[in-house]
Amino acid sequence: MGALDGRVAIITGAGRGIGREHALLFAAEGAKVVVNDLGGGLHGEAESTTAAEQVVEEIRAFGGEAVANHDDVADWAGGERLIRAAVETYGDLHVLVNNAGILRDRVLVNLSEEDWDAVMRVHLKGHFVPSRHAAAYWRERAKEGHEVRASIVNTSSTSGLLGNIGHSNYGAAKAGIAAFTVIIADELGRYGVRANAIAPAARTRMTESTPALVDAIAPPEDVGTFDQWNPANVSPLVAWLATEECDVSGKVFFVQGGVIRIFQNWTMTEALQKDDRFTIEELEARLPKLLS
């Protein structure tokens, strides 16, 4: 018996990296998997549509069930086709893992409008569109009297939640994904849908393209040493969040190697307060205490 027996899952950006590891583990745990991958390069350029098929072949080789899908997750009609592909192929949908993404590192003064728009489109809109169509499907199922035990797992990043130089576009999108997750968790609970997000740290095409990380994320020379940057380390948490029995919702998790932590939402500090409008002089005198 697998932890995901009978579950139908869509995993976007599943042709490589973390998404591929999700797909392999989900299938090994009994899920029927729609392996979505547009076949794009790291920066969003067209490459090949074979990555998704390769993952499907791997899954079928060990007896799992999977089908490839190449719809653009940021395209309205494409997102609708993606959800329909799961339902028409396997008869239902229980899990949506939004993982697809690209990277265009630039400091702000070198960031073009196209760099900004491309990253926002793939990450932020690419989370919204499949989630919107999946939510509509689950709402209708609930209204028809079916019990819905569905799960959305989104992919945020420490670049958005903690900040990272050169990632103003990527980080803003990833911070938006975290906020999106918390909000839709509140909205969709009435229909039996949970939503959570992860902020993973792992060896991927994105991290391998970051000069400051190249040496740190290299696999250990000793094969017996635990590889904390292995992308497969991320997937068990995602699989657990996707199980039918899990009741966690509205959380954002950091996960790396054998470490899992929970991010807190933006929180407010102690207040600087008076019963009237502050003057600039008062702020000059009193704000340093609040900032200390």
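What you are looking at is a predicted structure, and each value in this text was computed from that prediction instead of being measured.
A side-chain hydrogen bond (donor to acceptor under 3.5 Å, both in side chains) with N36 is found for one member of N99, D72, T12, N69 and no other, namely N69. Residue K251 is tested with N196, L241, I198 for a side chain to side chain contact (heavy atoms under 4.5 Å, CB included); the sole match is N196.
Panel note: side chain E29, backbone A3; a donor-acceptor pair is recorded below 3.5 Å. A donor-acceptor contact shorter than 3.5 Å links the side chain of H127 to the backbone of T155. No donor-acceptor pair closer than 3.5 Å links the side chain of K32 to the backbone N or O of R7. Proximity of a side-chain donor or acceptor of S168 to a complementary backbone N or O of L108 within less than 3.5 Å is not detected. Looking only at distances, a side-chain donor or acceptor of R194 sits under 3.5 Å from a matching main-chain atom of C246.
Rounding to the nearest 0.5 Å places CE of M1 at 11.0 Å from CG of L4. Note that CD1 of I152 and CD1 of I184 are 4.0 Å apart. Values are rounded to the nearest 0.5 Å. Here CZ of F254 is found 10.0 Å from OG of S157. Values are rounded to the nearest 0.5 Å. Here the straight-line distance linking atom CG of L188 with atom CH2 of W138 works out to 8.5 Å at 0.5 Å rounding. How far CD1 of I260 is from CG of L237: 4.5 Å, rounded to the nearest 0.5 Å. Between the OG atom of S235 and the CZ atom of R20 there is a distance of 10.0 Å, given to the nearest 0.5 Å.
Following chains of ILVMFWY side-chain contacts shorter than 4.5 Å, one can reach V97 starting from W240, so the two form part of one hydrophobic cluster. Note on F26: it clusters hydrophobically with F253, by side-chain heavy-atom contacts below 4.5 Å among ILVMFWY residues. There is no path of hydrophobic side-chain contacts, each under 4.5 Å, that joins L25 to V34. I10 and V193 fall within the same hydrophobic cluster, where Ile, Leu, Val, Met, Phe, Trp and Tyr residues are linked whenever their side-chain heavy atoms come under 4.5 Å apart, directly or through other members. Hydrophobic clustering (side-chain heavy atoms under 4.5 Å, transitive across Ile, Leu, Val, Met, Phe, Trp, Tyr) keeps V107 apart from I102.
The two residues D5 and G30 make their nearest non-hydrogen contact at OD1-CA, 3.3 Å. The shortest non-hydrogen separation linking A202 to P231 is CB-CA, 3.7 Å. The minimum heavy-atom distance linking G101 with V122 is given by the pair CA-CG1, 3.7 Å. A pairwise comparison of heavy atoms in A195 and A185 identifies O-CB, 3.7 Å as the closest pair. Nearest heavy-atom pair across A199 and F263 is CB-CE1, 3.8 Å. Residue Q256 comes nearest to A201 through the heavy atom pair CG-O, 3.4 Å, listed as atom of the first residue, atom of the second, then distance.
Between V56 and V67, every side-chain heavy-atom pair lies at or beyond the 4.5 Å cut-off. In this structure, the side chains of I177 and K174 come closer than 4.5 Å at one or more pairs of heavy atoms. Side-chain contact between N169 and R106 is absent, with no heavy atoms from C-beta onward closer than 4.5 Å. Looking at V234 and H22, their side chains come closer than 4.5 Å, going by heavy atoms from C-beta outward.
Within the structure, no pair that satisfies the side-chain hydrogen bond (donor to acceptor under 3.5 Å, both in side chains) test touches residues 259-270, not counting sequence neighbours. Contacts classified as side-chain hydrogen bond (donor to acceptor under 3.5 Å, both in side chains) and involving residues 175-192 (residues at least two apart or in different chains) are given here: N154-T181.
In this structure, I165 places its CD1 atom where only 12 or fewer heavy-atom neighbours from other residues, nucleotides or ligands lie under 6.0 Å away. No more than 12 heavy-atom neighbours from other residues, nucleotides or ligands sit within 6.0 angstrom of CD on E113.
With no hydrogens or angles considered, a side-chain donor-acceptor pair links H167 and D105 at under 3.5 Å. Checking H146 against E140 by side-chain atom types alone, no donor-acceptor pair falls below 3.5 Å. Between the side chains of N98 and S131, at least one donor N or O sits under 3.5 Å from an acceptor N or O.
Ring centers of Y170 and H123: under 6.0 Å apart, within the cut-off.
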Verdict with reasoning, N233 to V255, per side chain to side chain contact (heavy atoms under 4.5 Å, CB included) = CA-CA 8 Å; N233 299 332; V255 53; 5.9 Å; no

Given side chain to side chain contact (heavy atoms under 4.5 Å, CB included), test D117 with R121 step by step and report yes or no.
-> CA-CA 6 Å; D117 289 346; R121 181 182 185 278; 6.0 Å; no

Evaluate the criterion side chain to side chain contact (heavy atoms under 4.5 Å, CB included) for residue pair L24 and I59; output intermediate values, then yes/no.
-> CA-CA 6 Å; L24 294 174; I59 289 171; 3.9 Å; yes

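The salt bridge (charged side-chain N to carboxylate O under 4.0 Å, His left out) search around R149 returns none, not counting sequence neighbours. S112 meets the side-chain hydrogen bond (donor to acceptor under 3.5 Å, both in side chains) test with D115; sequence neighbours excluded.
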Result block: side-chain N/O donor-acceptor pairs under 3.5 angstrom for residues 75-96, not counting sequence neighbours:
{"residue": "D75", "atom": "OD2", "partner": "A77", "partner atom": "N", "Å": "3.3"}
{"residue": "D75", "atom": "OD2", "partner": "G78", "partner atom": "N", "Å": "2.6"}
{"residue": "R81", "atom": "NE", "partner": "D71", "partner atom": "OD1", "Å": "2.8"}
{"residue": "R81", "atom": "NH2", "partner": "D71", "partner atom": "OD1", "Å": "3.0"}
{"residue": "T89", "atom": "OG1", "partner": "A85", "partner atom": "O", "Å": "2.6"}
{"residue": "Y90", "atom": "OH", "partner": "A66", "partner atom": "N", "Å": "3.3"}
{"residue": "D92", "atom": "OD1", "partner": "Y137", "partner atom": "OH", "Å": "2.6"}
{"residue": "D92", "atom": "OD2", "partner": "H94", "partner atom": "NE2", "Å": "3.4"}
{"residue": "H94", "atom": "ND1", "partner": "V8", "partner atom": "N", "Å": "2.8"}

Please tabulate, one pair per line, all N/O donor-acceptor pairs under 3.5 Å involving side-chain atoms of residues 278-285, not counting sequence neighbours.
{"residue": "T279", "atom": "OG1", "partner": "E282", "partner atom": "N", "Å": "3.0"}
{"residue": "T279", "atom": "OG1", "partner": "E282", "partner atom": "OE1", "Å": "3.3"}
{"residue": "E282", "atom": "OE1", "partner": "K274", "partner atom": "NZ", "Å": "2.9"}
{"residue": "E282", "atom": "OE1", "partner": "T279", "partner atom": "N", "Å": "2.9"}
{"residue": "E282", "atom": "OE2", "partner": "K274", "partner atom": "NZ", "Å": "3.0"}

